[in-house]
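In what follows, every heavy atom counts, from backbone to side chain, and hydrogens, waters and symmetry copies are set aside. Computed from a predicted model, the values in this text were never measured in an experiment. Below, chains carry the letters A, B, ... as their sequence lines are ordered, and counting in each starts from 1.
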Amino acid sequence: MTLEELQEIKAGEELARSQKKKSIHVCVAAGCMSQNAEAVLNTIEGQLKEKGLAKDIDVKGVGCMGLCAAGPLVSIEPENRMFQEINQANAFLVTDNLEKGKKTTNDLASDSPFFKRQYKIVTENCGVINPERIEEYIAFDGYLGLYTVLHDLDQNEVVQNLIKSGLRGRGGGGYPTGLKWSTVAKAVGAKKYVICNADEGDPGAFMDRSVLESDPHRILEGMAIAAYAIGADEGFIYVRAEYPLAISRLKVAIKQAERKGLLGNNIFGTTFNFTISIRLGAGAFVCGEETALIASIEGGRGTPRPRPPYPAESGLWGKPTLINNVETFANIAPIIRKGAEWYASIGTETSKGTKVFALAGQVVNTGLIEVPMGMSLREIIFDIGGGIPGGRKFKAVQTGGPSGGCIPEEFLDIKVDYESLTKLGSIMGSGGMIVMDENSNMVDVARYFMEFCMSESCGKCVPCRVGTAQIYDILTKFAERRATEADLTLLEELCDVVRNTSLCGLGQSSPNPVLSTLKYFKHEYMERIQAEVNQE
Amino acid sequence: MKAKIATTWLDGCSGCHMSFLDIDERLLAIADRIELVYSPLVDNKVFPDYVDVTIVEGAVASVDDLAKIKKIRKHTKYLIALGDCAINANVPSMRNPIPVQEIINRAYVENAFIHDVMPKHPALPELLARVMPIHEVVPVDVFIPGCPPSNDTIFYAVAELLDGRIPDLTSKTRFGA
Amino acid sequence: MTANGQIKIFTLKIDGKDVSARSDQTVLQVCRENEYFIPTLCHLEGLSNIGACRLCMVEVAGQRKLLPACTTMVSEGMEVTTTNDKLAHYRKMTLELIFSERNHTCSVCVSNNHCELQYLSQKLGINHIRVPYRFPKFAVDASHPYFILDHNRCILCTRCVRVCDEIEGAHVWDVSGRGIQAKVITELNQPWGSADTCTQCGKCVNVCPVGALSEKGRSVAENTKRSGFLPYLTARRKEKI
C-alpha cells in the first residue's frame with residue numbers, strides 16, 4: 001500500500017457516491033440489530049428494486065446512530081433525514097418519502113438537541129460508514145494518520161504529539177495516554193506488545209461495543225500508531241465473548257487490513273511490521289483490570305497482581321506492554337490527522353477532548369452520546385437526554401459503572417471531567433451514566449452494585465473477596481429493615497477497609513456506590529434503622 | 001459491698017463452668033468479695049433485677065437462649081462471654097450450614113433405632129435457624145476465648161474485674177486454647 | 001536490580017531507623033531480617049509472592065496507597081512504616097474477615113495450637129469477630145490415601161497451589177470459582193484421590209498454614225506442619241543452575 005493507492009481508494013469511493021442520488025443508512029449495530037434491523041435493510045432494498053430505484057439509491061448498513069431507544073434507525077443522506085422505529089411493515093415510509101416529501105409518523109428530528117449538542121470525534125464515522133468495508137473507512141481519511149506517522153514522524157514525535165494533545169485513558173483511571181506511551185517506549189526490551197482492552201463489563205455501558213461494531217478500523221489504526229510509537233510488532237484485542245457482532249466485524253476488519261497491507265510486514269513500504277490477534281474474554285468483569293487481562297491472555301486464571309511492576313515495564317509474558325482501552329485508541333488517528341493543538345482546544349483544563357457516554361436508566365433518550373469534556377451533567381441529562389420520562393423528578397445519576405458513585409441533584413451543574421467526578425466521590429470510569437428518578441431507593445441501588453462487585457470479585461485478596469460479601473449482607477439487612485446502628489458503623493468500617501487494602505482497582509473502588517449514597521442519601525439508610533427500633 | 005455475680009449457660013457443654021470451678025482453692029479468695037446471685041451452681045431460679053457481672057457460657061441457639069440473653073443484658077452491668085461457644089458459636093454452630101429441620105430429622109428419625117418420631121413438646125424450646133455468638137445479639141463487655149479458657153485465665157479475668165479493671169487477656173488465651 | 005543484573009545496596013528507613021538492603025529484597029524480607037513484626041498468611045519464604053492476604057500492608061512515604069510488604073521491592077531512601085493505629089486496625093479487620101468467611105472452629109480443628117491463623121488472631125489481639133460469620137456449606141475431601149482436604153478451614157492463601165506448581169512441578173492444585181465462591185481444587189475439580197498428577201509428596205500439606213490440609217491417621221498434636229524445607233530447596237536449586 002502506498003499513499004497514492006490510499007488516495008485512489010478514496011477517490012473511487014467518492015466517485016461511486018457521486019453516481020448515486022441518495023443513500024439510505026440503516027443502523028446495524030447491536031441495539032438496532034436486536035430489533036431486526038437486518039430485515040429492515042433487506043426490505044428497503046427490495047422496495048427500491050420494485051420502484052426501479054436500485055441504481056440511483058445506495059442502501060447500506062452502518063454503525064450506531066446513537067439514539068438506541070428509538071431503533072431501528074434509518075436515515076436518508078445527504079440531507080440527514082432520520083426515521084425511528086422502522087420495521088418491515090413501515091419501511092415504505094422511508095422509500096416513499098425519498099424526495100423531501102411529507103412528514104411521517106416515524107420522523108425523527110435530526111436537529112434535536114440530542115444530535116446537535118454532541119461533538120463527535122470517536123464516533124465521527126458511526127452511522128456514516130459501512131463497518132464491514134475498509135474502503136469507506138479510507139474514504140473518510142482512514143489510515144492517513146498511520147501513513148503520516150510512519151513517513152513523517154519519528155517515534156518520539158508521535159509520543160510528544162500525544163502528550164501535547166492531553167488525551168487521558170478512557171478506560172477508567174484517566175492516566176495520561178502520552179505519558180503511558182512514553183514509559184513503554186522507553187522500557188528496555190526488543191519485544192513489546194500493544195493490547196486493546198475491549199472487555200467492557202460495566203452494567204449499562206456499551207460505548208466500546210458500539211465503536212467496535214461501527215468503526216473497527218479506527219481501533220486497528222490507533223493500535224498500529226501506538227505500536228510504531230512504542231516499538232511493538234504484535235498486538236492483541238481482548239474483547240469479551242458476549243460481543244459476537246463486534247468480534248465478527250473486528251475479524252473482517254483485520255482480514256481486510258492485512259489484505260491491503262495495512263497490517264502485517266512492511267506497512268506503507270516501511271520497515272514497520274505489526275500484526276493484531278483477537279483474544280476472547282470469558283465474561284469476567286475483573287479481566288478489564290490490566291494485570292488480570294494480561295494473565296487471561298497468557299492463558300492463566302484472570303486475576304490481578306500487585307503493581308508495580310506496571311505492564312509498561314513487565315506486562316504480557318514479562319515484556320513491556322501498552323494497554324489502552326477502545327475509546328482511547330479511537331482518539332489516536334484524529335489527533336494525528338488534525339493535530340494535538342486541535343484536540344487540546346476541546347474540553348477542560350485537565351481533561352481534553354470528548355467523552356462517549358452510554359445514557360441509560362430513567363431518561364427519555366437512552367443511547368450513546370459523545371460530548372466535549374466539561375459539559376454539565378444537567379446539559380447531558382436534560383438537554384441531550386431529554387430529561388426524566390413521565391414528569392417524574394430527577395434523583396441521582398450514577399457514573400462510572402459499578403464502582404462509580406451516585407451524584408445528587410445539587411451537583412448537576414458541575415462540569416464533567418475526571419477531577420470533578422472524583423471530587424464528588426464518583427469516577428469517570430468508562431462512561432456509563434445511569435439516571436435515577438424519585439422512585440429509586442438508594443439503598444437498593446447501592447445493594448445492586450455491591451452484588452455485582454461481590455459476584456465479579458476474583459477472590460484473590462481477602463478484603464474484596466470477603467469484604468464485598470459482608471457489605472452486601474449488611475445492605476440486605478438494610479433492605480429488609482433489620483439493620484441496627486451497629487450495622488451502619490460496621491458498614492462504614494468495612495467500606496474503608498475494602499477501599500484501602502484491596503489488591504486491584506475493582507476492589508478498591510467497589511465501596512464507591514455505598515460511600516456516595518451514604519454521603520448524599522444517608523437519611524435513606526437511617527430511615528431503615530429507625531423502622532426497626534420502632535417495631536420493638 | 002460484695003459484687004453481685006451471676007453465671008449461666010446457653011448452648012454449651014458446661015466445660016467452661018468446669019474450668020471455672022477448677023480455680024479450686026482460689027475460689028475461697030474471691031468468695032469473700034462476691035455474692036453469687038444466680039447460677040447453675042446455686043438454687044435461684046429467677047434472674048435478679050441487678051447484677052454487677054454475668055458470666056455467660058454457650059452460644060445462642062434456641063428461642064429460650066435468645067430471650068434469656070436479652071433479659072440478662074438488661075439487668076447486667078458487665079456481660080462476660082466465656083469460652084468459644086459464647087464468642088464464635090464454636091461447635092454448636094457446626095449445624096449452621098444445614099437447615100434445622102434436616103438436622104432434627106437426621107438425629108431423631110433417620111438415625112433412630114427405636115421410637116423414631118420428631119420430638120414435639122411445649123417444654124422444648126424451638127431451635128433458631130442459625131446458632132449465633134452472644135455479641136451478635138446483645139453487646140458484650142469482656143470476651144474470654146478458649147475451649148475452655150484455662151482456670152488461670154478465668155481467675156485473672158474475675159480478679160481484675162473485682163478490682164475495677166477491664167482485663168486484657170490477649171497474652172493469656174485465644175480461640176481453641 | 002539494575003538493567004545489567006547487578007545488585008546494589010540501598011539504605012532505607014524502617015519505622016524511623018536506618019537499615020541496609022540488597023536491591024533484590026522485598027520490604028518484607030528486610031523487615032523480618034531486622035526483626036520488625038509484620039503479619040503474613042499467603043507469603044511463605046521459598047514461594048512466589050502474590051500479595052493476596054493483605055495483612056502485610058505497610059505505609060511507604062510518598063505513596064498514596066498502602067503497599068503489601070511482600071511484593072514491594074526496596075528502593076534507595078525509602079521510608080517504611082510497619083505499624084501504626086491505622087495499619088493495626090486494617091490488619092485486625094482483614095483477619096476478622098478471614099475468620100468470618102469459612103467455618104474456623106479452632107477447638108475441633110486438626111491444626112489447633114499449631115495454626116498460623118489462630119496464632120495471628122492472638123498476636124493481633126483479636127478476642128471476637130465483629131463481622132457476622134457466614135457459615136457456608138463445604139465438603140471435606142478425604143479421597144486421598146494419605147491426606148485430607150477440608151474446605152471449611154481453607155483461607156485461600158494458595159500456598160498449596162504455588163508449592164505444587166513452582167516446587168513440585170505437578171500443578172495438581174488450582175483455584176476455581178470467583179469471589180466468595182472461590183475454592184481450591186485438585187486437577188479439574190476431581191476428588192483428590194483420583195488425581196493422577198498428584199505425586200503424594202505432601203508439600204501442599206506442609207505449607208498449609210491452617211487445618212485445610214492435613215495428614216490422615218495423625219492426632220491433632222501430631223499434625224504439625226514443616227515448611228522450613230522450602231528456602232533450602234529453592235536455594236539449592238538456584239545454586240545448581
Look up atom [atom1] in [X] and atom [atom2] in [Y], then write down how far apart they are to the nearest 0.5 Å.
X: A:S502; Y: C:R54; atom1: OG; atom2: CZ; value: 7.0 Å
X: C:R134; Y: A:D473; atom1: CZ; atom2: CG; value: 5.0 Å
X: A:K460; Y: C:T158; atom1: NZ; atom2: OG1; value: 7.5 Å
X: A:T489; Y: C:R130; atom1: OG1; atom2: CZ; value: 10.0 Å
X: A:Q508; Y: C:L66; atom1: CD; atom2: CG; value: 9.5 Å
X: A:R465; Y: C:I155; atom1: CZ; atom2: CD1; value: 8.5 Å

task: Could you tell me which portion of A:D487 (side chain, backbone, both or neither) has an atom closer than 4.5 angstrom to a non-hydrogen atom of chain C?
output: neither

query: Is it the side chain or the backbone of A:E456 that comes within 4.5 Å of chain C heavy atoms, both, or neither?
result: both

task: Would you name the heavy atoms of A:P463 and C:L97 that are closest together and state the gap between them?
output: CA-CD1, 4.2 Å

query: Donor-acceptor pair, A:R301 side chain versus C:V175 backbone, under 3.5 Å?
result: yes

- request: Could you tell me which portion of C:L55 (side chain, backbone, both or neither) has an atom closer than 4.5 angstrom to a non-hydrogen atom of chain A?
  value: neither

- line: In terms of heavy-atom pairs under 4.5 Å with chain C, the winner among A:G459, A:A486, A:P308, A:G302 is A:G459

